Asker: 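Can you keep this structure in mind? I'll have questions shortly.
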Amino acid sequence: MQTSPRHWPHSSPSRALAEVIFTPHQRVKNVIQRCTLPALLPPCRYPEGIKWKFLEHKGPVFAPPYEPLPENVKFYYDGKVMKLSTKAEEVATFFAKMLDHEYTTKEIFRKNFFKDWRKEMTSEEKSTITNLSKCDFTHMSQYFKAQSEARKQMSKEEKQKIKEENERLLKEYGYCVMDNHKERIANFKIEPPGLFRGRGNHPKMGMLKRRIMPEDIIINCSKDSKIPAPPPGHKWKEVRHDNKVTWLVSWTENIQGSIKYIMLNPSSRIKGEKDWQKYETARRLKKCVDKIRNQYREDWKSKEMKVRQRAVALYFIDKLALRAGNEKEEGETADTVGCCSLRVEHIKLHPELDGQEYVVEFDFLGKDSIRYYNKVPVEKRVFKNLQLFMENKQPEDDLFDRLNTSILNKHLQDLMEGLTAKVFRTYNASITLQQQLKELTNPDDNIPAKILSYNRANRAVAILCNHQRAPPKTFEKSMMNLQSKVPPPPAQLWGSRAPSCFVLCHPRTVESKKKAVQRIEEQLMKLEVQATDREENKQIALGTSKLNYLDPRISVAWCKKWGIPIEKIYNKTQREKFAWAIDMAEEDYEF
DNA sequence: CCCAGAACTTAGCACTTTATTG
DNA sequence: CAATAAAGTGCTAAGTTCTGGG
């Protein structure tokens, strides 16, 4: 593919500052023109890792400074009022704001919090406050509850003012210029200080997430751009000009010591092209997946243990859409696993279960400590291999002791350029959607029924990827409401002696009553569809797969084919993110 | 090769806004 | 018009993969 950047207008500060900038729509057209038609190859705008030529932005927005509590809001230690220093008070308020949460009762949370809180105390405070159980934050907590109540009760004007202020901030800091485009920034606000929670059983829960200062911040922009000014009296940690990366701002957080970034919105060129590329890689996998499947089935018989483990792991990744499963540092994070890091304790082997042979029962916590529970019949060879891998091992030993993600991905790289474990998730998700849409869409259905079919196809993918959610708190109640909305059966409309009505009524009345019946039937149908959809969705989250795993061109093509307005499938944000796909996919698009 | 660090994608949930209903 | 529910958005944690240095 021709990738020389000379086909593209070079960025220059003067051009970049111009207000008139390409819309995503126009951008995609440009990309398509540049790429060799008709293949619509994914874009590669610059060679060898260069991400941009020009980048200008205003820097981050910092968290608002701490506002000390009014004098009348008291903290009590051991039953006695105690006035805290500003720093200690600020950290105390973080705890007070969480008082209603279950986790403030958890031992680890309390221990971590207390340790970090003490670091912020003056030496007198430190010597007085030695036991968290003697701290009484309830008055502080009540104050914050009253505050949030007051916020809800604010007048229209006050709310409007806040809204305008946010809009001003967005206008000033929410955009940057990358090459010739004005682009939306995803997270231009620096994360405020607070107590770290983490997901699941996290060993660091309760630790103090410290306040980020300009002195922590690395700014990335181009040399010829207007460098953002640090807040008065402050300096940036560093200003760099690295066009091999896409981030605008970075800092190191203090809980894990990892780097956080400010990057562009999914609607931006740089994210959109990457997304497109991701789906093109998955489509390349489609072409060779049969070969790869045959290969790993062969490898189940290998005399090398490492090869067998690799082949069984890959089978799980392919068949069950498991994540790769990197090793994690013990004690630094919650104990969760993916495929390569599965332990013996996470699977049970059933030579026979419920009339099925060779069943593997999976039970482990995956990303975000979401439980994966599944009983899967597998091929006999896989089952025998698993028995072999588990021989003479303790429950806490690795199932695949000769394997890790780097070995697996190196192998995948040899099978197909750009192939990694996560491509299987993308591929299997997208192909499942396409195939389910074909199977479930009934041409005679009306639009709401077709959309139900779409959601069902989407749901099949979400189930495959194990995208769960907590059932909404009000689920049962809102389900009841929906049921009660179901209108009376049409017969009642005609009165108890329905047939005679035809005789007695004026023809016009009959006509209009027929219409009314039809309207009510439609309404009923819509409600039923809605209820079914909702019930089936109780514990399944559709958003994640829609946003990250499903080639949007499949959905766009489906909408075009059946005359469904795209708005029924994608909301505004999603349409912005998938502008490239909406623009290019025709109704005959095949993943 | 291994490792750590960097960069970037994926994830669920809390909160906010909008739409619906009574 | 207020209350409620649904939809949409923001937030930031938690993954995967890449990179570069020994």
Side-chain angles (χ1 to χ4, degrees), chain A residues 49 51 63 101 148 151-152 159 162-163 166 170 174 186-192 194 196-200 202 204-205 209 218 220 242 244-247 250 252-253 255-266 270-271 274-275 277-278 317 322-329 332-334 336-341 365-370 404-410 412-413 418-426 429 462 465-470 472-475 477-482 484-485 530 534 537 539-549 570-574 576:
Chain A
K51 305 287 168 58
H101 256 108
S148 82
R151 226 170 303 126
K152 277 184 212 151
K159 282 182 180 166
I162 290 170
K163 204 174 162 190
N166 285 335
L170 174 68
N187 56 327
F188 58 92
K189 288 180 183 160
I190 299 272
E191 299 169 20
F196 178 80
R197 174 57 182 88
R199 316 264 166 88
H202 198 116
K204 298 196 172 183
M205 64 170 85
K209 204 169 99 166
I218 302 174
N220 193 34
D242 182 356
K244 301 265 179 64
V245 297
T246 66
W247 54 267
S250 77
T252 303
E253 54 83 46
I255 304 291
Q256 317 279 352
S258 66
I259 306 171
K260 298 241 177 175
Y261 303 93
I262 292 182
M263 290 185 187
L264 297 194
N265 195 74
I270 204 151
K271 295 288 183 191
K274 197 80 190 293
D275 209 36
Q277 214 169 75
K278 174 181 78 185
I317 284 171
L322 300 190
R323 296 187 185 82
N326 286 300
E327 295 114 297
K328 301 170 80 186
E329 217 173 323
E332 292 292 302
T333 62
T336 63
V337 297
C339 186
C340 294
S341 52
L365 297 182
K367 182 178 181 179
D368 294 320
S369 293
I370 296 292
N404 61 40
T405 54
S406 139
I407 294 170
L408 179 67
N409 279 334
K410 229 160 263 157
L412 294 176
Q413 193 60 232
L419 186 61
T420 61
K422 86 185 187 66
V423 179
F424 282 87
R425 251 169 103 80
T426 312
C465 295
N466 199 39
H467 290 141
Q468 297 189 7
R469 60 166 188 177
K473 285 191 186 73
T474 54
F475 186 84
K477 210 178 102 208
S478 78
M479 217 54 205
M480 298 284 272
N481 284 345
L482 204 58
S484 68
K485 274 197 299 193
Q530 208 182 0
R534 188 112 54 92
N537 237 12
Q539 283 175 297
I540 314 283
L542 300 188
T544 303
S545 50
K546 205 177 202 175
L547 231 49
N548 299 299
Y549 288 103
Y570 290 141
N571 66 32
K572 186 167 154 282
T573 313
Q574 293 163 339
E576 279 168 14

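These values consider heavy atoms only, across backbone and side chains, with no hydrogens, waters or symmetry-generated copies. Numbers restart at 1 for each chain; the letters A, B, ... are given by sequence-line order, proteins then strands. Since the model is a prediction, treat every value here as computed from it, not as a measurement.
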Asker: Does a nitrogen or oxygen in the side chain of A:Lys163 sit under 4.0 Å from OP1 or OP2 of B:dT16?
Answerer: no

Asker: Quick check on DNA chain B: between A:Ser545 and A:Lys51, whose nearest nucleotide comes earlier from the 5' end?
Answerer: A:Lys51

Asker: What is the separation between atom NZ on A:Lys271 and atom P on B:dT10, rounded to the nearest whole Å?
Answerer: 10 Å

Asker: Sequence neighbours excluded, which residues qualify as side chain to side chain contact (heavy atoms under 4.5 Å, CB included) partners of A:Arg323?
Answerer: A:Lys367, A:Arg425

Asker: Measure CD/A:Glu332 against C1'/C:dA13 and give the value in whole Å, please.
Answerer: 15 Å

Asker: Give one of base, sugar-phosphate or nothing for A:Arg425, where a contact means two heavy atoms less than 4.0 Å apart.
Answerer: sugar-phosphate

Asker: If you look at every heavy atom in A:Thr544 and A:His467, which pair is closest and at what distance?
Answerer: CG2-NE2, 3.5 Å

Asker: Report the distance from atom NZ of A:Lys546 to atom C1' of C:dA7, rounded to the nearest whole Å.
Answerer: 11 Å

Asker: Would you tell me if any nitrogen or oxygen in the side chain of A:Arg469 comes within less than 4.0 Å of OP1 or OP2 on B:dA14?
Answerer: no

Asker: Find the distance A:Asp242:CG to B:dA7:P and express it as a whole number of Å.
Answerer: 7 Å

Asker: Who are the side-chain hydrogen bond (donor to acceptor under 3.5 Å, both in side chains) partners of A:Asn548, not counting sequence neighbours?
Answerer: none

Asker: Could you go over nucleotides 4-6 of chain B and give all protein N or O partners under 3.5 Å, atom names and distances?
Answerer:
none

Asker: Would you kindly give the CZ-to-C1' distance between A:Arg197 and B:dA11, to the nearest whole Å?
Answerer: 15 Å

Asker: Under the side chain to side chain contact (heavy atoms under 4.5 Å, CB included) test, which residues partner A:Ser406, sequence neighbours left out?
Answerer: A:Asn404, A:Lys410

Asker: Take A:Ala541 and A:Lys244, find for each the nucleotide of DNA chain B with the closest heavy atom, and name the residue whose nucleotide sits nearer the 5' end.
Answerer: A:Lys244

Asker: List the residues meeting side-chain hydrogen bond (donor to acceptor under 3.5 Å, both in side chains) with A:Gln574, not counting sequence neighbours, and say none if there are none.
Answerer: none

Asker: Whole Å only: how far is the OH atom of A:Tyr549 from the C1' atom of B:dA11?
Answerer: 8 Å

Asker: Determine the contact category for A:Leu547: base if any of its heavy atoms lies under 4.0 Å from a base atom, sugar-phosphate if only primed atoms, P, OP1 or OP2 are that close, otherwise nothing.
Answerer: nothing

Asker: B:dT9 C1' sits how many Å from A:Asp275 CG, rounded?
Answerer: 9 Å

Asker: Could I get the full list of salt bridge (Lys or Arg N to Asp or Glu O under 4.0 Å) partners for A:Lys51, not counting sequence neighbours?
Answerer: none

Asker: Can you pull every protein N or O that's under 3.5 Å from an N or O on nucleotides 8-12 of chain C?
Answerer:
residue	atom	partner	partner atom	Å
C:dT9	OP1	A:Thr573	OG1	3.0
C:dT9	OP2	A:Thr573	OG1	2.2

Asker: Determine, for nucleotides 15-22 of chain C in 5'-to-3' order, which nucleotides have protein heavy atoms under 4.0 Å from the base (write B), from only the sugar-phosphate (write S), or from neither (write -).
Answerer: SBBS----

Asker: Measure from the side-chain heavy atoms of A:Met263 and tell me the nearest of B:dA7, B:dC13, B:dA11.
Answerer: B:dA7

Asker: Suppose we screen for side chain to side chain contact (heavy atoms under 4.5 Å, CB included). Which residues come up paired with A:Lys209, at least two apart in sequence or across chains?
Answerer: A:Glu191, A:Asn254, A:Ile255

Asker: Quick one: list whatever passes side-chain hydrogen bond (donor to acceptor under 3.5 Å, both in side chains) with A:Asn466, sequence neighbours left out.
Answerer: A:Gln468

Asker: What pairs with A:Cys340 under side chain to side chain contact (heavy atoms under 4.5 Å, CB included), at least two apart in sequence or on another chain?
Answerer: A:Leu403, A:Thr405, A:Leu408

Asker: With distance as the sole criterion, is a donor-acceptor pair present between the side chains of A:Gln413 and A:Thr420 under 3.5 Å?
Answerer: no

Asker: Which heavy atom in A:Ala429 sits nearest to a heavy atom in A:Cys465, and how many Å separate them?
Answerer: CB-SG, 4.3 Å

Asker: So what does A:Ser258 touch, heavy atoms closer than 4.0 Å: a base, only the sugar-phosphate, or nothing?
Answerer: nothing

Asker: For A:His202 and C:dA14, is the shortest distance between a side-chain N/O and OP1 or OP2 below 4.0 Å?
Answerer: yes

Asker: If the condition is side-chain hydrogen bond (donor to acceptor under 3.5 Å, both in side chains), which residues does A:Asp275 pass it with, not counting sequence neighbours?
Answerer: A:Lys278

